Amino acid sequence: MTLERYARHSLIDWFDQEAVRRERLIVVGAGAVGNEVIKNLALLGVGEIHVFDRDAIEVHNLTRSVLFREGDIGQPKAICAATRARELDPSVHITPYVGDFWATLSLAAVRTATAVFSCVDNFEARIRLNRLCALAGTPLINVGIDSRFAVVEQFSFNRASRRPCYECGLPPAAYATVAKRYSCGGLKRVAAAERRIPTTIITSSAAASLAVSVHLRSLADGLDTSSWRYFQDTFTGHATRTEIRANHECPGCSDLLDERVVVAACRRIGATWRGIGADCGIGPIVLSDPALTEVRCRQCGVDDTGTMLLHRADRYDETLAVCPHCNERAREIRVRERFSCEELLRDYAGYDLPGKFIVTRLDEAIQLVVELEGDEHGRGEGHSEDSRSHAESGSDGPA
Amino acid sequence: MKVILRTADRTRKAEVTVPRDQKGADLIQAALTNWSLPADTEYSLVNVTKGRTMHPNAALAVDHVADHDELEIQPVLVAGGWCGRRR
């Protein structure tokens, strides 16, 4: 880093280049808004940027993506955005991650970040990222656009107290939109289609500027104890700033306790869980991703539960209801996300817990969040004594 | 009570008389119908006089809405880029 590069910043009385340099930021989504956020962060000279996106560049992205060129079509957005941003300031450390952030972004990484920018384009991804940040206690800046308006929402999550979250201000209709993609059993609908919302570089650049500015100010002023929504009309310049109020029935944070212990553990259900259950009076265990617990045909009676037990339900679609043995749509499918510790040990020992993490209570005041390590194959080795012994001999449980 | 209801683009604005136990969601629905707002968008309600978001399922009185408060219907903006899951 050359000091001359940031000479103009140093003339601004509130601008602390060293504080900006210490930032370790995560940007989820390298589309229209993500491009602008990454560009702004790189030009400001932040220390680290971690970019998550699963998509490849398509020709229609080029009208809204300052970091992409025609020759980049077909390349992963995350890698291309990181490469171009490095050209803006080679001293900024930028790391791309290609894939679904739910699989590639760990809770541990979120905990060590100074803030997360949500630049995704659907409710489900926003809800998931919100829950990760709320659990981790890491500030979240949510950015959204359409062809006229720009919104920035700042959630000052920390590890000492609960703060209003993204879902506190989300209307019930948003959940209905998410639900359209899933059957009532949590399986994906075959014909579910995403509604694509047209946008321009005008709203994405306006939103991203405001988002980065809001975060920059929090470095100078300290984090606010409230959560805020900034809503801007790019046609007229009108803007509102409103405080996002806590919703005591919020599905995202109403169960969240002020004190949370976050650990990583092997996803195999074994003896270490028994120890916790007996010693700490562990509460119900809630999975981050609902799991299959029963797949049985009413018509021919074949029970295929064993081959899919504790698999993530969203890995399957509605065709799972069709029995491959009798070709009838007659399978009974049970999907669950809440278990008791005793039940897991009794009925599922030796199997792997699916999903990203589990949440439970150690007591009335302390919440335990366990990030599940290892490959997620959702398939145990049955209830044999061998597999159980293998699980019990492990020392990588949540204790 | 009387409240002033408006759209985020400020092209629609009306003073309406509503019962104190009316829910924010009902106001949004009425605006959708009367003003023909796009139906394929989700909306939230903010009290711009108080500078606070509102809970759609709460009664206006419970949400601390007072006479002549100005309420704005804002679209919930969800576009931005893609990296979530899809088929």
Side-chain angles (χ1 to χ4, degrees), chain A residues 28-35 52-55 77-78 100-102 118-126 128 143-146 148-151 168-174 177 181 188 190 192 194-195 197-199 204 207 229 231 233 235-236 238 240-245 247 249 314 317, chain B residues 4-13 23-33 37-66 69-87:
Chain A
V28 182
V33 173
N35 258 251
F52 293 78
D53 198 294
R54 67 176 294 173
D55 270 353
K77 286 181 179 177
D100 183 343
F101 79 85
W102 197 241
S118 172
C119 308
V120 297
D121 76 347
N122 65 95
F123 283 122
E124 188 178 9
R126 289 182 195 280
R128 283 176 174 250
V143 196
I145 55 171
D146 64 11
R148 174 169 184 166
F149 299 106
V151 71
C168 285
L170 208 54
T177 300
R181 298 184 62 230
K188 281 188 174 171
V190 175
E194 293 286 338
R195 187 171 71 92
I197 300 165
T199 62
S204 53
R229 176 187 300 165
F231 192 92
D233 182 344
F235 284 12
T236 64
H238 288 136
T240 58
R241 176 180 184 257
T242 48
E243 182 178 6
I244 297 171
R245 294 169 52 228
N247 176 0
E249 295 174 355
D314 65 358
D317 62 33
Chain B
I4 298 159
L5 194 62
R6 74 174 197 218
T7 55
D9 62 9
R10 306 190 191 198
T11 59
R12 304 280 190 160
K13 188 174 183 177
K23 290 179 179 176
D26 299 330
L27 285 181
I28 293 173
Q29 189 54 50
L32 267 169
T33 305
L37 301 182
D40 58 353
T41 300
E42 287 75 34
Y43 296 90
S44 66
L45 200 57
V46 302
N47 185 331
V48 291
T49 304
K50 299 270 192 328
R52 302 162 67 165
T53 61
M54 293 172 60
H55 296 142
N57 289 331
L60 298 181
V62 174
D63 236 345
H64 308 290
V65 177
D69 275 359
E70 194 158 339
L71 313 180
E72 181 172 283
I73 297 172
Q74 295 180 345
V76 181
L77 305 182
V78 75
W82 183 270
C83 75
R85 299 176 305 162
R86 67 179 161 191
R87 291 192 61 81

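Naming: A, B, ... by sequence-line order, numbering from 1 per chain. Model, not experiment: these values are computed from the prediction.
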Can you give me the closest heavy-atom contact between B:P75 and A:D146, atom names plus distance? CG-OD2, 4.5 Å

Is there a side-chain contact between B:V46 and A:F231, using heavy atoms and a 4.5 Å cut-off? no

Looking at B:V76 and A:F123, what are the two nearest heavy atoms and their distance? CG1-CE2, 3.5 Å

Do B:Q74 and A:T240 have side-chain atoms, one donor and one acceptor, less than 3.5 Å apart? yes

State the CZ-OG1 distance between A:R229 and B:T53, to the nearest 0.5 angstrom. 6.0 Å

Return the set of residues passing side chain to side chain contact (heavy atoms under 4.5 Å, CB included) with A:A207 (not counting sequence neighbours), or none when no residue passes. A:V143, A:I145, A:A150

Specify which of A:L170, A:T177, A:T199 makes the most heavy-atom pairs with chain B at under 4.5 Å. A:T177

Residues forming a side chain to side chain contact (heavy atoms under 4.5 Å, CB included) with B:L45, sequence neighbours excluded: B:L5, B:L27, B:I28, B:M54, B:L71, B:I73

Between B:R10 and A:T236, is any pair of side-chain heavy atoms under 4.5 Å apart? no

What distance separates B:L77 CG from A:I197 CD1, expressed to the nearest 0.5 Å? 8.0 Å

For A:G169 and B:S44, the nearest pair of non-hydrogen atoms, with its separation, is O-CB, 4.4 Å

Taking all atoms of both residues into account, what is the closest heavy-atom pair of A:P172 and B:P56, and its distance? CD-CG, 3.7 Å

Residue A:F149 versus chain B: region with a heavy atom under 4.5 Å: both

Has the side chain of A:R245 got a donor or acceptor atom that lies under 3.5 Å from a matching backbone atom of B:R52? no

Please list, chain by chain and in numerical order, all residues satisfying side-chain hydrogen bond (donor to acceptor under 3.5 Å, both in side chains) with B:D69, sequence neighbours excluded. B:N47, B:K50

Tell me the closest heavy-atom pair linking B:H55 and A:C168, and the distance in Å. CD2-O, 3.8 Å

Looking only at A:P198, A:S204, A:G144, A:A174, most heavy-atom pairs under 4.5 Å shared with chain B are made by A:G144

Between A:D233 and chain B, with a heavy-atom cut-off of 4.5 Å, which part of the residue counts as in contact: side chain, backbone, both or neither? side chain

May I ask you to list the residues in residues 58-66 of chain B that approach chain A closer than 4.5 angstrom, counting heavy atoms only, ordered by number? B:D63, B:H64

